Amino acid sequence: MLTVAAVIRKMKGNVSCQQFCSLATKAVHSYYKKDLLEHLADHPEDRLAASCIVFSRLRREIWMIGDCQGLVDSVLLENPKPSEQELAEQRAALITASPKPWDHFLTHDTAREAIIPRMLETMKQQNNGYSVIDGFPVDMAHVKTFTLDFRPWEIVLASDGYPFLCPTLAESEERLAWQRENDPLNIGQFKATKAFTPGSNSFDDRAYIRFTV
């Protein structure tokens with residue numbers, strides 16, 4: 001994440017989405033030791049990886065690389081990882097069917113453990129089925145690009161740590177807090193592949209920015 005952020009800070013404002021992906025890929029690739037490259041080429045699940053959503057002011061484009069989300073005038077933009085929802089549904093079904101008390105899964109999520117092998121199989125499709133920045137060529141076929149005209153737009157860019165993305169940060173945080181209070185396992189209306197762990201105020205990393213162009 002820090003490496004990709006550094007690329008964005010330093011790159012020229014007129015770069016294209018493909019140029020950005022190349023710059024970010026090169027930056028992450030530089031962290032790998034040479035003797036690991038052959039292994040990483042065959043095992044995408046072991047690579048450093050980051051998703052990102054970027055707004056290019058000069059091109060008036062939104063780029064979505066990996067599992068991120070956004071709003072354009074309150075219209076939701078998504079780019080979910082393949083099988084993510086299916087795996088979340090599978091985990092929820094395992095918990096619902098289990099005779100163990102649900103509190104058990106907050107401290108020892110055996111349902112998540114059960115889906116991890118399938119999650120790892122999905123990760124092997126990294127940049128060969130879905131896009132992510134991982135130091136190897138980005139699968140541009142799965143990068144989403146949205147072009148905006150020159151009317152005023154209100155834009156929100158966010159990570160997937162917000163289960164219900166809202167037009168303001170306060171609303172998004174409020175919905176997140178509601179989720180933690182009412183469904184900390186994330187097996188109800190919103191389903192995820194992991195739960196809120198005790199003492200945590202989130203189940204995933206979160207980033208949020210809102211601006212008007």
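When reading the values below, keep in mind they use all heavy atoms of this one structure, side chains included, and skip hydrogens, waters and symmetry mates. If you're wondering where the values come from, they're calculated on a predicted model, not measured in any experiment.
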- Check the pair N79, D67 against side chain to side chain contact (heavy atoms under 4.5 Å, CB included), reporting the backbone distance first and the verdict last. CA-CA 5 Å; N79 193 24; D67 51 347; over 6 Å; no

- Message: When you measure from the side chain of S159 to the backbone of A207, do you find a donor-acceptor pair of N or O atoms at a distance under 3.5 Å?
- Response: yes

- Is there a side-chain contact between D46 and H43, using heavy atoms and a 4.5 Å cut-off? yes

- Is it the case that one hydrophobic cluster holds both Y31 and L36, taking links as side-chain heavy atoms less than 4.5 Å apart, direct or via other members? yes

- Query: Between the main-chain N or O of Q19 and the side-chain N or O of S16, is there a donor-acceptor pair closer than 3.5 Å?
  - Reply: yes

- Query: Are any of the side-chain nitrogens in K33 or D35 under 4.0 Å away from the carboxylate oxygens of its partner?
  - Reply: no

- Message: Testing the basics here: between A158 and C68, what is the closest heavy-atom pair and its distance to 0.1 Å?
- Response: O-CB, 3.7 Å

- Message: For H108 and H104, take the angle between the two ring planes, folded into 0 to 90°, and tell me which bin it lands in: parallel under 30, tilted 30 to 60, perpendicular over 60.
- Response: tilted

- Message: Quick check: closest heavy atoms across T3 and A27, and the distance to 0.1 Å?
- Response: CG2-CB, 3.6 Å

- Minimum heavy-atom separation for Y32 to D134, with atom names? OH-O, 2.6 Å

- Task: State the CZ-CZ distance between R91 and R112, to the nearest 0.5 angstrom.
- Result: 7.5 Å

- Item | Derivation of the side-chain hydrogen bond (donor to acceptor under 3.5 Å, both in side chains) call for S22 and T25 | CA-CA 5 Å; S22 296; T25 294; over 6 Å; no

- Can you measure from CD (Q126) to CD (E45) and round to the nearest 0.5 angstrom? 8.5 Å

- Message: For a side-chain hydrogen bond (donor to acceptor under 3.5 Å, both in side chains) check, start with the C-alpha distance between Y162 and E173, then their side-chain angles and the critical distance, and finish with the verdict.
- Response: CA-CA 8 Å; Y162 288 101; E173 288 284 340; 2.7 Å; yes

- Message: Please evaluate residues N186 and Q179 with respect to the criterion side-chain hydrogen bond (donor to acceptor under 3.5 Å, both in side chains), reporting the C-alpha separation (whole Å), side-chain torsions for both, the decisive distance (0.1 Å), and the verdict.
- Response: CA-CA 8 Å; N186 293 326; Q179 181 71 19; 2.9 Å; yes

- Message: Is there a side-chain contact between W153 and T212 in this structure, where contact means two heavy atoms from C-beta onward sitting under 4.5 Å apart?
- Response: no

- Note on the structure: Between the CD1 atom in I133 and the SG atom in C21, the distance rounded to the nearest 0.5 Å is 5.5 Å

- pair N127-P44: side-chain heavy atoms closer than 4.5 Å: no

- Does a side-chain heavy-atom distance below 4.5 Å link L76 with L165? yes

- Item | Q85 side, atom CD; L87 side, atom CG - distance, nearest 0.5 Å | 9.5 Å

- Message: Would you say that W102 contacts I187 through its side chain, given a criterion of any heavy-atom pair below 4.5 Å between the two side chains?
- Response: yes

- Ignoring hydrogens and angles, tell me if any N or O in the side chain of S172 forms a donor-acceptor pair with the backbone of T168 under 3.5 Å. yes

- Result of checking I53, I62, I209, D73 against I155 for side chain to side chain contact (heavy atoms under 4.5 Å, CB included): I62

- Any side-chain heavy-atom pair of I115 and T193 under 4.5 Å: yes

- How close do V213 and F55 get, heavy atom to heavy atom, and via which atoms? CG1-CE2, 3.6 Å

- Ion pair R206/D160, N-O distance below 4.0 Å: no

- Task: Measure across M140 and Q18 and return the closest heavy-atom pair with its distance rounded to 0.1 Å.
- Result: CE-CA, 3.8 Å

- Message: For a 4.5 angstrom cut-off between non-hydrogen side-chain atoms, does T107 reach P198?
- Response: yes

- F203 ring center near F190 ring center (under 6.0 Å): yes

- Item | Whether over 12 other heavy atoms sit under 6.0 Å from E171 CD | yes

- Cluster overlap M1 with V28, hydrophobic side-chain contacts below 4.5 Å: no

- Start with the C-alpha gap between H142 and D139, add the side-chain angles, then the distance that decides, and say whether side-chain hydrogen bond (donor to acceptor under 3.5 Å, both in side chains) holds. CA-CA 6 Å; H142 292 88; D139 183 354; 2.9 Å; yes

- Between D183 and G188, what is the shortest heavy-atom contact and its length? OD2-N, 2.8 Å

- Item | N-O pairing of K124 and E121 below 4.0 Å | yes

- Between CZ on residue F136 and CG on residue L37, distance to nearest 0.5 Å: 5.5 Å

- Message: Working to the nearest 0.5 angstrom, can you tell me the gap between E89 CD and S83 OG?
- Response: 12.5 Å

- Message: Using side-chain heavy atoms (C-beta onward) and a distance below 4.5 Å, is E61 in contact with F146?
- Response: no

- Ignoring hydrogens and geometry, is there a side-chain-to-backbone donor-acceptor pair from Y130 to P80 under 3.5 Å? no

- Message: Assigning hydrophobic clusters by single linkage (Ile, Leu, Val, Met, Phe, Trp, Tyr; side-chain heavy-atom cutoff under 4.5 Å), is L48 placed with I8?
- Response: yes

- Is D109 salt-bridged to K194, going by a charged N under 4.0 Å from an acidic O? no

- Ionic contact status for E78 with K144, cut-off 4.0 Å: no

